Each structure stands twice: as structure tokens, then as C-alpha cells.
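The structure under discussion appears below in the form of C-alpha cells.
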Amino acid sequence: MSFYSCVEDFLERYPLDAMTDATYFTSANDLKVMANGFYRLLPRYHFQSQGNGPMNNFLDANTDIQVGTGPSGFLFQRGASGQAPATDGSWNGNFNWIRQINYLINNARRVDVSVESNQYTGEAYFFRAWVYLNMLERYGDVPIYTEVLDTDSERLYKARDSRYEVAEFIIQDLDSAIVNLGWKNSTFATSGRVTKEAALVMKARTALFEGTWERYHGSKNTPFAVEGQDGSEFLQMVEPTIQQLIDHQGSNLFTNGGPFNEAYNQLFSQQDASSSAGVFLYRIYDVNEIVGHNFYDLVVDNAQALTWKLVGSYLDKEGMPQELSSLPIDYASLNNLGENLDPRFRQSVWTPDRGPHQQIQGYGTTPTPLPLRYPQLNNVFSANYTSTGLRRWKGAILDNNEWRNGSTDEVLIRYAEGLLALAEAKAILGTINQSDLDKTVNLLRERVGMVPLSLAEVNSWPITYSAEEGFEPSESNIVNEIRRERLVELAFEGHRQNDLKRWAVFHQVINDWKPKGAHYLEFVDYYNDPSKLETDGVNAGNTGIWALTMGEDFDIFSDGHINPFFRNPDFRSSGEGFFIEPGRVYLAPIPRNEIEVYSDAGYELTQNPGWF
């Protein structure tokens, strides 16, 4: 399963010996105690790292919609050799978890069947599916284990099962979870525990991921194609899965908009997500128990910033692509964009009409005392800055006490993902109709006051979709517009990279790409005008230190947009931009030590394409 320097050290053992006494696993509470430990698998998104979850607190980092203050090495692989690392904590960590979860599943039958025992057994199946989906996305083929192995078992050297078999296994586990789990806020599915709704969305997520992977990698004949599979088997699973969810949830979505009347924004900033309609799995935080919980990162200038690629993806408020819009869109005015684009733009991206940062309702004593209306650029006096001039607003926490050690729950799985999965699967299969759009995409649009999506109108648009923008030219307009809808609705929730990979366009989106920021004129007009700074509360004697200098604090592309990486020659006008290796970047490498341990024992553990 998982090896360190030798087979005897193959994993960090769970103290299973403490649970082998005949008196253990005799009650539902015994299952609960062990299942409680599995919740450590849930990512804490706003920390710098978390076990098997995202490795930083910016979930769409290393994609085309979010960048740091310098080029990411992950997206800048020109000349890299392709040698796999010797070890990989994710490989080892995932198999450690599988062993623990298998122990509960294999012993659950010793407990009398009840609604309570079913809940915790269902949680174990859910978390095993969670871990295996993590590995499917990362490695593709992986060995499937359902038993608890000792260090002398030959089964430790099991060959990698095909990704098709792994996906089938995940679906089976989620079916078991769905049968056993309770609906949200039922007797035992309370207080942040896994719910039946969450398992249904996870099943749809898995089926959509594998179905589209097989479809697009197969049709493009990439090294990651699945022989003999076109994805239709998995895509057809999505509709009945989400229809079961719709039958239960209906049109019930979170609608409390908070002080700015922005329900979509404030969905992600509730201290108690148990009452947030459409939030199916969430991580609870308690200021008395969690140290360092810092939600202020969501709305402060920091190393990760939004890109113009995201801004350009929004439809206008009348539901038309920007290139077809008849509205007076002014790209040099964030306020104008907030007025003319899909309302989710203004609820996701900071706009200066909200006022100086420190004066926003509820922020009066936050640790950013500067009364600045615009994000800081790369100014020498700035402790923190936003490289693109685009600051996140989605999920803003409007509470002074929440900026550190707060109690805001973390949204992990929600209704919108399941609804969009249904729409995408049916669009790809060619079976989508207006009724499908009304109960999925248009339900989400209605919450923000966006015009509904019309199937007939969309398919009549004279528009060219490019792979470089994340679209698929060979697909219908509606397939591509649902891709756009996913980007807009699920921005900053960690789906973008996997979406680009399963659509087989990741390398086309990234290669030669040079990120762009906001229009520079808006920032120069503000920071270089002492009267505007003074109006917002900057001391008259200090206005000069904020003045921006071309080539020192920022630089621009020929179209007037900020170049966040202007100090790096590869990202100037004549530079080559980002590069990732198409033949290997879609899957992570299998650690060399694992392959060597297999080989020493006379077995083979194969490597992923493009790695050695």
C-alpha cells in the first residue's frame, strides 16, 4: 500500500491494536468515535497547508484565474526533466487513511444495525471514496484495497487498478454511503457531519470527472486516454443521481444577503452553516478550539490575486458574452463592470464603489488601517499587495472578530455543484432541454438576479469558442456556456484545475499564457491624485508615498492592462510565458521509492506518462 524506506515502515500505523478487544465495536458510539477521526481529511482551506487537502489557502492557484506575486513553478516547467520525486506525502498519506477507514468498514458489521450505526458506517464509505477520488484525480490508476493488510502481506505489492475500475469503486462506495447516511440536520447527520446530500454531489462529481476525462482525452488521443471507454457510462449516472437530490432539495437555496444584500457572496461567510440552505458539507470552526483561523485573507491584498481571464469570462447582465454585448462596458472602470456584468462579478470581485477598505461596514478595527479604496500594487511601501489589482470579495467576512481565530464555518460541498454537473452531463450527451436549464443553471442565476439562460438563444450565438479560454470548439454552444457557468459560479472553490484537466485543455490554456490584471489607468488616476487619497482619509502629508511609477511599481501590456510579472523577461511582450509539459502534467508522478520497493520484491509498479 504505502512505503517509506522499506516495507516494514510502510505506513504510520493507526493504533488499531487498541480496538481489537472483543468488547470494542459493540455500539454505534464506537463507530462514531473512530469516524470522528476521519474528519481530519476535510481541508481547512484558509490555512497554508492541510494534509490531503489543497496545499494552500487559495484554491484556484495554479490556474488561469488566480496568480501570485511571481510565476508559479508548477506552471513554469520549460526545460524540466520529468524525473519523479523520490517520495510523495500525498501517496503515503492517502493509503494511511485507507487502512484506517477499511478497519472501521470491516468491523462495522459487529455493531447492531440502527439508524445511528448506519450513519457512521456511511461516513466511512464516504471518506474512503473521498480519498480514492483524491488519488484518481492526482494519479489516475491506483491499487484498490478493501482489507487491512499487515506488513508481510503480498497484497501490499498489488498492481495499480485502472482508473476506470477506481472510478467504479468510488461510485460503489458512494452508493453505500447514500444508502446509509441521513439527510442534512436529521437525527445523526448534524453539526457538520457528512450528509446524504453531500454523498449525492460527490457521486455526481466523480461520474462527471471520469466521464469527461474519458470523453475528451479519448477523442484527442492523449497519453491519458482510457482504452475502450468514451465516458458515456459515467455521464449517464449524473442525471438520476442529482434528480434524487432535486427531489429532496427542490429550489431551496441560501438567500440571506447580509448588509450588502449579496446572498451569493455571503453564503460563504456564515458562522453556522447548519441553517445555510444548499450547503451540504461544511467544516465547523470554534474560536475556543481552533487556533489561527484567519478568514481575513479572503478580502485583504496578498500573494494571490485574480486575473483578467476571470473578468473576461462573465456574461453581461443581459446574458450576452462580452464580445456580443451592446452595453456600454468600460474595461477601465471596475465600477462600470460591476454595473454591467453578471451580478456574480460584483459579488466575487472587489469594486471601489464599496468605499475605502477600512470603512466597509464591520471592518473598522481590522489589521489593515490604510484608508485605500483600491488594492495596492507593487509599491515599495506596501507590506502586502495584489499583483493584478483585482481583489477577491466573494465570501467577505463582515465581522471585526472574524479576521483571526473566527468561528465562520467552511463550505465544502454545496447544491450548485450538483446542479451544474447535471446540466453539463446532459449537454454533453445531447439530451438537455430548457426544463433542465431552468431547474439547474437558472435556479442559481435567479438567486443573484441574473437573466435566465435560454437554450435556443445560446445555440444561435455567432461565437467562436477557443481551447485557450478553456472551451471546446468541437462542442455545442450550450456545452461551452455551461463550462462558463461553472467558472463563474464556482470561482475560488478549487474546481478550476481539475476542470481544465478533465476537459483535456489544461496545457492549451496555460502554455504561452501571460496573466493580465486590471486596467492601469484606474489605479494611476487614484494613487497619483492627492485629492482622492485625502478624501478617503490619507494624511495630506503622506499622499506622495503612494504615487505609482511606471516600470518601478507596475508595468502594462499594449492594451493597457497591468502586467503582474513585468520584472520577469518571460512575461514581457516578447517573452514566452508559462509552459507545462502536455505529455505529463495531467497526472502526478508515482514516487520513485514506491516503484523501487516493488521492484526489489519482484513486482512492478508502473509510472505515469512522461515521468521516469
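This is a predicted model, so every value here is computed, not measured. In this chain, residues are counted from 1 in sequence order.
Side-chain polar atoms of E123 and Q119 form a donor-acceptor pair below 3.5 angstrom. Side chain to side chain, D247 and Q243 meet the donor-acceptor criterion of an N or O pair below 3.5 Å. Counting only N and O atoms by type, the side chains of S176 and N180 include no donor and acceptor under 3.5 Å apart. In this structure, a donor-acceptor pair under 3.5 Å is absent between the side chains of Y598 and E594. A donor-acceptor contact closer than 3.5 angstrom is absent between the side chains of E489 and Y264. A donor-acceptor contact under 3.5 angstrom links the side chains of N62 and S72, judged on distance only.
The shortest heavy-atom contact between L156 and T151 is CD1-O, 3.3 Å. Here the closest non-hydrogen pair linking A425 and L235 is CB-O, 3.7 Å. The shortest non-hydrogen separation linking F506 to L75 is CZ-CD2, 4.0 Å. Taking both residues in full, the closest heavy atoms of I413 and W130 are given as CD1-CZ3, 4.2 Å, listed atom of the first, atom of the second, then distance. Closest heavy-atom contact between H217 and K501: NE2-O, 2.8 Å. W183 and Q244 make their closest contact through CH2-O, 4.3 Å (heavy atoms, listed as atom of the first residue, atom of the second, distance).
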Next on the checklist: Could you walk me through whether I171 and M237 satisfy the side chain to side chain contact (heavy atoms under 4.5 Å, CB included) test, starting with their C-alpha distance in whole Å, then the side-chain angles of each, then the deciding distance to 0.1 Å, before giving a yes or no?
Outcome noted: CA-CA 10 Å; I171 295 292; M237 296 178 187; 4.1 Å; yes
Checklist entry - For R138 and D88, what are the C-alpha separation, side-chain angles and deciding distance, and is it a salt bridge (charged side-chain N to carboxylate O under 4.0 Å, His left out)? => result CA-CA 12 Å; R138 184 173 175 81; D88 179 348; 3.3 Å; yes
Next on the checklist: Before you tell me yes or no, could you show the steps for R483 and D499 under salt bridge (charged side-chain N to carboxylate O under 4.0 Å, His left out), namely the whole-Å CA-CA distance, both residues' side-chain angles and the distance that decides it to 0.1 Å?
Outcome noted: CA-CA 9 Å; R483 288 192 183 189; D499 282 351; over 6 Å; no
Item to check | side chain to side chain donor-acceptor pair (under 3.5 Å) between N106 and N102, intermediate numbers included | outcome: CA-CA 6 Å; N106 291 346; N102 283 343; 5.8 Å; no
Next on the checklist: Run the ring pair (Phe, Tyr, Trp, His ring centres under 6.0 Å) test on F127 and W97 for me, step by step, so that the C-alpha distance in whole Å, both residues' side-chain angles and the decisive distance to 0.1 Å come before the verdict.
Outcome noted: CA-CA 9 Å; F127 280 116; W97 281 111; 8.1 Å; no
Item to check | salt bridge (charged side-chain N to carboxylate O under 4.0 Å, His left out) between D175 and K203, intermediate numbers included | outcome: CA-CA 8 Å; D175 283 338; K203 180 179 177 181; 2.7 Å; yes
Checklist entry - Between T408 and Q271, is a side chain to side chain contact (heavy atoms under 4.5 Å, CB included) present by the stated rule, with each step listed? => result CA-CA 4 Å; T408 298; Q271 289 193 350; 4.1 Å; yes
Checklist entry - What do the steps show when you test Y282 against R414 for side chain to side chain contact (heavy atoms under 4.5 Å, CB included), and what is the final call? => result CA-CA 9 Å; Y282 55 97; R414 63 188 183 99; over 6 Å; no
Next on the checklist: Does F254 form a side chain to side chain contact (heavy atoms under 4.5 Å, CB included) with Q270? I'd like the steps, not just the answer.
Outcome noted: CA-CA 10 Å; F254 177 83; Q270 302 303 302; 3.5 Å; yes
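For F234 and F209, the gap between ring centers reaches or exceeds 6.0 Å.
The main-chain N or O of G211 is never found under 3.5 Å from a side-chain atom of E233 such that the two would form a donor-acceptor pair. Although no hydrogens or angles enter the test, the distance criterion places a donor-acceptor pair under 3.5 Å between the side chain of S117 and the main chain of S114. The closest donor-acceptor contact from the side chain of N265 to the backbone of G395 lies under 3.5 Å. For the pair K196 (side chain) and L181 (backbone), a donor-acceptor distance under 3.5 Å is present. Distance alone, capped at 3.5 Å, places no donor-acceptor pair between the D141 side chain and the S162 backbone. No donor-acceptor pair closer than 3.5 Å links the side chain of Y132 to the backbone N or O of A167. One N or O on the side chain of Y145 and one on the backbone of R155 form a donor-acceptor pair closer than 3.5 Å. Side-chain N or O atoms of Q66 include one that pairs as donor or acceptor with a backbone N or O of D60 at under 3.5 Å. Looking only at distances, no side-chain donor or acceptor of Y603 sits under 3.5 Å from a matching main-chain atom of E154. In this structure, R496 contributes its side chain and I65 its backbone to no donor-acceptor pair below 3.5 Å.
In this structure, R502 pairs ionically with E424, as a charged nitrogen and a carboxylate oxygen lie closer than 4.0 Å. No salt bridge links R163 with E137; every basic N to acidic carboxylate O contact stays at or beyond 4.0 Å. Ion pair K394/E493 flagged as a salt bridge, since at least one NZ, NE, NH1 or NH2 atom sits closer than 4.0 Å to an Asp/Glu carboxylate oxygen.
For K426, the side chain to side chain donor-acceptor pair (under 3.5 Å) partners two or more places apart in sequence, or in a different chain, are E239, D436. Judged as a side chain to side chain donor-acceptor pair (under 3.5 Å), and not counting sequence neighbours, Q347 has no contacts. Under the side chain to side chain contact (heavy atoms under 4.5 Å, CB included) criterion, Q607 pairs with A84, P589, I590, I595, W611, sequence neighbours left out. By the side chain to side chain donor-acceptor pair (under 3.5 Å) test, D173 pairs with R128, sequence neighbours left out. The side chain to side chain donor-acceptor pair (under 3.5 Å) test applied to N29 returns no partner, not counting sequence neighbours. In this view, D161 and K158 satisfy the salt bridge (charged side-chain N to carboxylate O under 4.0 Å, His left out) rule, not counting sequence neighbours.
Once rounded to the nearest 0.5 Å, the distance linking OH of Y24 with CG of N107 reads 10.0 Å. Remark: Q497 CD to L59 CG distance equals 11.5 Å, nearest 0.5 Å. Distance check: W503 CH2 to Y216 OH gives 8.5 Å after rounding to the nearest 0.5 Å. The line from CG of L605 to OG of S599 is 10.0 Å long, rounded to the nearest 0.5 Å. Here F25 contributes atom CZ and M34 contributes atom CE; the two are 5.0 Å apart, rounded to the nearest 0.5 Å. To the nearest 0.5 Å, atoms CD1 (I242) and CZ (R205) are separated by 11.0 Å.
Residues L104 and L31 are in side-chain contact: their nearest non-hydrogen atoms beyond the backbone lie under 4.5 Å apart. When side chains are defined from C-beta on, S186 does not count as touching V115, because their heavy atoms never get closer than 4.5 Å. For the pair F95/R99, no side-chain contact is recorded, criterion being any heavy-atom separation below 4.5 Å from C-beta on. Residues Y157 and V597 form a side-chain contact, since some pair of their non-hydrogen atoms from C-beta on lies under 4.5 Å apart. Inter-residue side-chain proximity for P609 and R584 is flagged as unmet; no heavy-atom pair is nearer than 4.5 Å. Residues L419 and V441 fail the side-chain proximity criterion, which asks for heavy atoms closer than 4.5 Å.
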